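This structure is a prediction, so every number in the text was calculated from the model and none was measured.
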Amino acid sequence: MKLLLATLLLAATAAQAQPAPDKEPVTRCQIQNNNTGNVLPPDAHGDALFKLLSAQPECPGNALQFRDLVLATKLASRPSMVANRGFHNPLPQGSFSFFESIDGSYAGQKLVPGDWFYGHFTAASIDNTALTSILSPQQAATPDNLLLETLVWDPRKQMYNFYEIRGTGQGGQWFYRGDSADIQADIQNLWRGYDPAQPIFMGPLNAGQATLPRLRCSGCHMNGGPIMKELAFPHDSWWRPERPLPLGAMRIAPEYKTILENLVSSQEFSGWIKAGNDKLASADAYMKKRATLPLQEQLRPVFCEQEVNLDSDLLPLQGPAPQIKAPVGAFIDQRLAGDVRFIEIDKALYTNALNLFQAQFFDYQSGSIANSVQPINQIDADHAFETPVKSHTDMLLAQKMVKSGLIDEKFLYDVISIDPTRPMFSPQRCGLLQLLPGSAPTANWRQQFAQALAGSDKPAARQLLANMNDAARTPEWHRSQAKQILTRIQGLAAQQQPVNGYVRLLAGRRIAVYQAQISQHPQGQIFEPGFRLIFPTLQLFQKNQQQIAYGGVPDQYWLNPATGAVELMP
């Protein structure tokens with residue numbers, strides 16, 4: 001009996017000593033690296049999105065699956081909504097975007113509004129039985145279809161990481177596209193007069209040649225953080241509780257019921273965007289990295305444009321107000337304007353000018369004006385005089401440079417007062433960027449710049465040098481000069497001919513964005529032509545209005561600061 005027990009004990013011990021059969025490898029959600037094509041290794045990033053996805057056995061395959069995962073993780077997802085084809089154009093496209101902010105706690109990281117945003121999109125599908133359109137998710141897994149875009153704060157890097165889901169034909173593939181520093185590298189040639197044979201947007205140089213791929217995100221998020229073009233109230237074409245977006249006769253897909261019931265005001269959402277911008281511009285690691293860039297790159301937001309915002313009249317054009325308030329940023333840099341925010345124009349004079357140029361706000365992708373679906377006879381966007389203005393982020397970076405001591409406030413105002421009535425995309429002011437030293441800042445960079453200005457035959461260079469050398473030309477002095485220009489403009493705004501000129505000027509401001517270097521990214525532009533419909537078409541301005549949906553020619557007209565009137569360029 002003892003021998004039997006001993007034999008059994010030995011057998012059991014031997015069985016325990018046998019190696020266990022091979023286990024199946026644990027599967028995890030895999031994110032592909034944009035630059036190498038390889039799967040990101042464990043702990044590649046410190047952001048909450050990477051940690052959340054890495055903990056999943058498989059990736060959420062589209063935006064709505066991702067949203068469900070966020071909510072199941074007890075995070076809050078707060079949606080806002082914008083009409084991509086204009087406030088009054090829910091059909092035929094049914095094109096809206098939901099942009100959502102995520103906050104809460106995950107994996108030891110506390111997320112506040114401004115840390116994490118994502119966007120997803122809609123389309124109208126046809127119910128042939130009910131003969132109606134349905135507001136439906138644009139989440140088909142067709143190859144390369146953009147299903148979701150997101151940026152999330154990485155506390156380890158102290159900058160934003162950018163991710164996407166793209167359709168593969170069978171499902172959705174997650175991609176890491178890069179971070180705020182990668183975007184800065186992508187735009188390093190912007191406005192700096194490099195070899196025209198080199199791309200404006202680019203990857204890191206390899207033996208003097210630009211490498212690929214680029215970040216698609218660099219075409220819009222040029223300052224490395226979140227953006228909202230209609231950042232200022234009234235946020236044209238965004239949802240506000242006091243003025244919800246019309247959906248026409250569309251039925252709502254079940255997936256959107258909860259989202260639409262929990263929309264946050266665009267005004268609140270814009271505050272979160274600003275919070276994210278300030279977080280990046282206040283991050284030591286990111287700003288220290290930025291401080292190592294050549295002086296031309298650091299000061300580019302002062303002389304030129306990196307991002308752009310849109311501003312407009314505060315009230316809907318269809319309302320009873322007898323006047324419109326044209327944003328001052330259409331005429332002069334907002335910082336020069338001081339406490340002046342608008343130029344008041346009689347609404348009848350403004351609409352007369354729009355009719356003179358045969359303005360129509362219509363969904364040109366749906367065909368001719370006669371065939372387009374128009375709830376009302378629109379000649380403009382929902383809010384009048386929508387205009388590109390100097391971006392919040394460009395001005396924020398300028399403030400940070402003043403605070404750091406790289407420049408002072410006098411230098412900032414000396415520069416932005418050059419070509420004052422062309423606040424955006426001034427060839428004169430932006431052309432001075434190349435006279436700055438092309439190296440990192442040195443103790444005597446201002447002296448070097450002054451010498452370069454003195455040696456230039458450009459009138460703008462002589463003007464800037466005079467500003468810099470005259471201690472009396474303080475920021476207050478520059479603002480007083482600008483106020484005189486605005487007084488002249490306001491005085492002329494009661495007459496039809498000058499107002500016609502301001503509408504011509506406005507058209508030129510708009511088209512300047514589409515033709516500027518910031519819009520030359522091969523994978524997308526900041527105004528998203530073909531996806532967003534922002535401005536009315538001015539039929540008499542160009543032959544190809546139907547395709548491009550904007551009018552005018554940059555620099556064909558200018559605002560004469562001596563008279564306040566718009567004139568043909570001399």
TODO: With sequence neighbours excluded, give me every disulfide bond (SG atoms under 2.5 Å apart) pair touching residues 399-453.
DONE: Cys304-Cys430
Task: Distance in Å, Leu396 CG paired with Met401 CE, rounded so as to fall on 0.5 Å steps - done: 9.5 Å
Open item on the list: I want to check something: taking the side chain as every heavy atom from C-beta on, are Asn89 and Phe361 in contact at a cut-off of under 4.5 Å?
Closed with: yes
- [ ] May I ask you to decide if Leu111's main-chain N or O and Asp115's side chain share a donor-acceptor pair within less than 3.5 Å?
- [x] no
Task: Test side chain to side chain contact (heavy atoms under 4.5 Å, CB included) applied to Trp153 and Leu280, step by step - done: CA-CA 9 Å; Trp153 182 255; Leu280 181 62; 3.9 Å; yes
- [ ] To the nearest 0.5 Å, tell me how far Leu215 CG sits from Gln523 CD.
- [x] 8.5 Å
- [ ] Scan side-chain atoms only and decide if Asp154 and Gln158 contain a donor-acceptor pair under the 3.5 Å cut-off.
- [x] no
Task: Closest non-hydrogen atom pair between Ala384 and Leu317, with its separation - done: CB-CD1, 4.0 Å
Task: 4.5 Å side-chain heavy-atom contact, Leu310 and Val389 - done: no
Task: Summary of salt bridge (Lys or Arg N to Asp or Glu O under 4.0 Å) pairs that have at least one residue in residues 231-246, sequence neighbours excluded - done: Arg240-Glu242, Arg243-Asp382
Open item on the list: Would Arg473 and Tyr413 count as a cation-pi pair here, with the cationic atom under 6.0 angstrom from the ring centre and within 45° of the axis?
Closed with: no
Open item on the list: Ignoring hydrogens, what is the shortest heavy-atom contact between Leu433 and Arg192? Give both atom names and the distance.
Closed with: CD2-CG, 4.2 Å
Task: side chain to side chain contact (heavy atoms under 4.5 Å, CB included) between Leu245 and Trp238, worked out - done: CA-CA 7 Å; Leu245 293 171; Trp238 284 74; over 6 Å; no
- [ ] Mark yes or no for whether Ser282, through its side chain, and Lys279, through its backbone, hold a donor-acceptor pair below 3.5 Å.
- [x] no
TODO: Before accepting this row, confirm whether a basic side-chain N of the pair Asp278/Lys274 lies closer than 4.0 Å to the acidic partner's carboxylate O.
DONE: no
Open item on the list: Check this for me, if you would: do Arg504 and Glu567 make a salt bridge, where the nitrogen-to-carboxylate-oxygen distance has to be below 4.0 angstrom?
Closed with: no
Open item on the list: If you define the side chain from C-beta out and look only at heavy atoms, does anything of Arg290 sit under 4.5 Å from Lys400?
Closed with: no
- [ ] Any chance you could lay out the ring-ring contact (aromatic ring centres under 6.0 Å, His included) test for Phe527 and Phe535, step after step, and finish with the verdict?
- [x] CA-CA 10 Å; Phe527 279 172; Phe535 306 123; 5.6 Å; yes
Open item on the list: Using modelled atom types and a 3.5 Å cut-off, is there a donor and acceptor pairing between side-chain atoms of Ser519 and backbone atoms of Gln515?
Closed with: no
Task: Beyond-backbone contact of Leu533 with Asn84, side-chain heavy atoms, under 4.5 angstrom - done: no
- [ ] Measure from the side-chain N and O atoms of Asn355 to the backbone N and O of Thr351, and report whether any donor-acceptor pair falls under 3.5 Å.
- [x] yes
Open item on the list: Under a 3.5 Å distance rule, please check whether Asn444 uses its side chain to pair with a backbone N or O of Gln447 as donor and acceptor.
Closed with: no
Task: Donor on one side chain, acceptor on other, Tyr350 and Asp380, under 3.5 Å - done: yes
Task: Heavy-atom pair of closest approach, residues Ala359 and Leu538 - done: CB-CD2, 3.3 Å
TODO: To the nearest 0.5 Å, tell me how far Ile200 CD1 sits from Gln188 CD.
DONE: 13.0 Å
- [ ] Kindly indicate whether the side chain of Cys217, heavy atoms from C-beta on, has any atom under 4.5 Å from the side chain of Ile183.
- [x] yes
TODO: May I ask you to check whether Phe269 and Phe117 place their ring centres under 6.0 Å from each other?
DONE: yes
Task: Stepwise side-chain hydrogen bond (donor to acceptor under 3.5 Å, both in side chains) test for Tyr118 and Glu100 - done: CA-CA 5 Å; Tyr118 68 101; Glu100 308 203 33; 3.2 Å; yes
Open item on the list: Apply side chain to side chain contact (heavy atoms under 4.5 Å, CB included) to residues Ile518 and Phe425 and explain how you reach the verdict.
Closed with: CA-CA 10 Å; Ile518 66 169; Phe425 307 108; 3.8 Å; yes
Task: Option passing ring pair (Phe, Tyr, Trp, His ring centres under 6.0 Å) with Phe331 (candidates Phe342, Tyr502, Trp558) - done: Tyr502
Task: Distance in Å, Ser218 OG paired with Ile187 CD1, rounded so as to fall on 0.5 Å steps - done: 7.5 Å
Open item on the list: When you measure from the side chain of Lys347 to the backbone of Gly319, do you find a donor-acceptor pair of N or O atoms at a distance under 3.5 Å?
Closed with: yes
Open item on the list: Looking at Ser237, is its backbone amide N or carbonyl O close enough to the side chain of His383 to form a donor-acceptor pair, meaning the two atoms are under 3.5 Å apart?
Closed with: no
- [ ] Walk me through it: do Arg422 and Gln428 pass the test side-chain hydrogen bond (donor to acceptor under 3.5 Å, both in side chains)?
- [x] CA-CA 9 Å; Arg422 194 182 282 106; Gln428 288 77 21; 3.1 Å; yes
Open item on the list: Please determine whether a side-chain nitrogen of the Lys or Arg among Asp103 and Arg78 lies less than 4.0 Å from a carboxylate oxygen of the Asp or Glu.
Closed with: yes
Open item on the list: I'd like to check Pro441 versus Gln298 (side-chain heavy atoms, cut-off strictly below 4.5 Å). Are they in contact?
Closed with: yes
- [ ] Would you please say whether a donor-acceptor pair under 3.5 Å links the side chains of Gln267 and Ser265?
- [x] no
Open item on the list: Rounded at 0.5 Å granularity, tell me how far CG in Leu263 sits from CD in Glu268.
Closed with: 11.5 Å
Task: Residue pair Ser266 / Ser80: nearest heavy atoms and the distance that separates them - done: CA-OG, 3.9 Å
- [ ] Using distance alone, with no hydrogens and no angle criterion, decide if Ser391 and Asn309 have a side-chain donor and acceptor under 3.5 Å apart.
- [x] no
Open item on the list: Working to the nearest 0.5 angstrom, can you tell me the gap between Leu336 CG and His478 NE2?
Closed with: 8.0 Å
TODO: Answer with yes or no whether the side chains of Trp191 and Gln517 bring together a donor and an acceptor at under 3.5 Å.
DONE: no
Task: Between Asn223 and Gln306, a side-chain donor and acceptor under 3.5 Å - done: yes
Open item on the list: Hydrogens and angles aside, do Asn560 and Thr421 bring a side-chain donor and acceptor to less than 3.5 Å of each other?
Closed with: no
Task: Parallel, tilted or perpendicular: rings of Phe449 and Trp445 (30°, 60°) - done: tilted
- [ ] Provide the closest heavy-atom pair for Pro113 versus Ser101 in the form atom of the first, atom of the second, distance.
- [x] CA-OG, 3.8 Å
Open item on the list: Less than 4.5 Å apart, side chain to side chain, heavy atoms only: is that true for Ile407 and Arg446?
Closed with: yes
- [ ] Quick one: closest heavy-atom pair of Glu305 and Lys390, and the distance?
- [x] OE2-NZ, 3.0 Å
Open item on the list: Between Asp408 and Lys410 (salt bridge meaning N to carboxylate O under 4.0 Å), is one present in this structure?
Closed with: no
Open item on the list: If we ignore hydrogens and angles and just use 3.5 Å, is the side chain of His235 paired with the main-chain N or O of Ala232 as donor and acceptor?
Closed with: yes
Open item on the list: Using a 6.0 Å cut-off, check whether atom CG of Asp339 has over 12 heavy atoms from anything other than its own residue.
Closed with: no
Task: Matching residue for Lys229 among Glu528, Glu386, Glu307 - test: salt bridge (charged side-chain N to carboxylate O under 4.0 Å, His left out) - done: Glu528
Task: Short side-chain to backbone donor-acceptor contact, Arg462 and Asp457, under 3.5 Å - done: yes
- [ ] Determine whether Ile485 and Pro420 make a side-chain contact, defined as any pair of heavy atoms from C-beta on separated by less than 4.5 Å.
- [x] yes
Task: Whether Asn277 side chain and Ile273 backbone form a donor-acceptor pair below 3.5 Å - done: yes
